[in-house]
Amino acid sequence: MAITTTKVVRLTFTTTGGKTFSITIPNPKDDLQQTEAVAVMNSLIESDLFLTAGGSLLGIRDIKVVDTQTNDLYDPPQV
């Protein structure tokens with residue numbers, strides 16, 4: 001039983017099909033700046049590496065850093 005904390009950055013794009021597509025990256029650096037994330041997203045859009053069910057990546061929709069704290073109340077006995 002323990003409390004664990006995880007942090008991810010979620011990059012959300014719009015696609016050519018009018019949908020959204022998100023990439024979640026674990027353990028972003030603590031001092032991540034908006035300009036750095038935007039530059040990475042623009043690079044991914046320009047490189048056209050991802051073809052999603054909603055089409056190619058078209059634009060930036062959202063950038064979020066998400067912290068999650070989990071309190072594990074029970075661990076089954078190890079046999």
Side-chain angles (χ1 to χ4, degrees):
M1 295 190 276
I3 295 175
T4 57
T5 302
T6 57
K7 182 186 279 191
V8 299
V9 62
R10 184 176 302 129
L11 309 175
T12 304
F13 301 84
T14 57
T15 67
T16 54
K19 306 277 186 181
T20 60
F21 175 76
S22 295
I23 298 171
T24 302
I25 302 168
N27 305 317
K29 64 182 190 172
D30 289 331
D31 62 345
L32 179 65
Q33 299 295 312
Q34 176 186 350
T35 54
E36 295 171 307
V38 168
V40 167
M41 292 179 80
N42 282 328
S43 177
L44 290 172
I45 292 166
E46 291 168 11
S47 66
D48 202 24
L49 288 174
F50 293 94
L51 179 59
T52 72
S56 297
L57 303 182
L58 181 64
I60 297 172
R61 177 169 174 112
D62 196 20
I63 304 167
K64 286 189 182 346
V65 175
V66 180
D67 287 306
T68 305
Q69 187 176 53
T70 303
N71 187 358
D72 186 2
L73 296 177
Y74 175 77
D75 286 326
Q78 300 296 316
V79 182

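Heavy-atom basis, side chains included; hydrogens, waters and symmetry copies ignored. Sequence positions, counted from 1, serve as the residue numbers for this chain.
Judged as a side-chain hydrogen bond (donor to acceptor under 3.5 Å, both in side chains), and not counting sequence neighbours, the contacts of Ser22 are Thr12. For Lys19, there are no salt bridge (charged side-chain N to carboxylate O under 4.0 Å, His left out) partners, not counting sequence neighbours. The salt bridge (charged side-chain N to carboxylate O under 4.0 Å, His left out) search around Asp30 returns Lys7, not counting sequence neighbours.
Counting only distance, with no hydrogens or angles, the side chain of Glu36 and the backbone of Gln33 share a donor-acceptor pair below 3.5 Å. Within the 3.5 Å criterion, the main-chain N or O of Ala39 finds no donor-acceptor partner in the side chain of Ser43.
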Could you go through residues 70-79 and list every donor-acceptor pair under 3.5 Å that involves a side-chain atom there, pairing it with any protein atom two or more places apart or in another chain?
residue, atom, partner, partner atom, Å
Asp72, OD1, Tyr74, N, 3.3
Asp75, OD2, Met1, N, 2.9

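Within the structure, every pair that satisfies the side chain to side chain donor-acceptor pair (under 3.5 Å) test and touches residues 48-64, not counting sequence neighbours, is listed here: Asp48-Ser56, Asp62-Lys64.
As a member of the Ile/Leu/Val/Met/Phe/Trp/Tyr network built from side-chain separations under 4.5 Å, Val40 groups with Val9, Leu11, Phe13, Phe21, Ile23, Ile25, Leu32, Val38, Met41, Leu44, Ile45, Leu49, Phe50, Leu57, Ile60, Ile63, Val65.
Rounded to the nearest 0.5 angstrom, Leu58 CG and Thr14 OG1 are separated by 4.5 Å.
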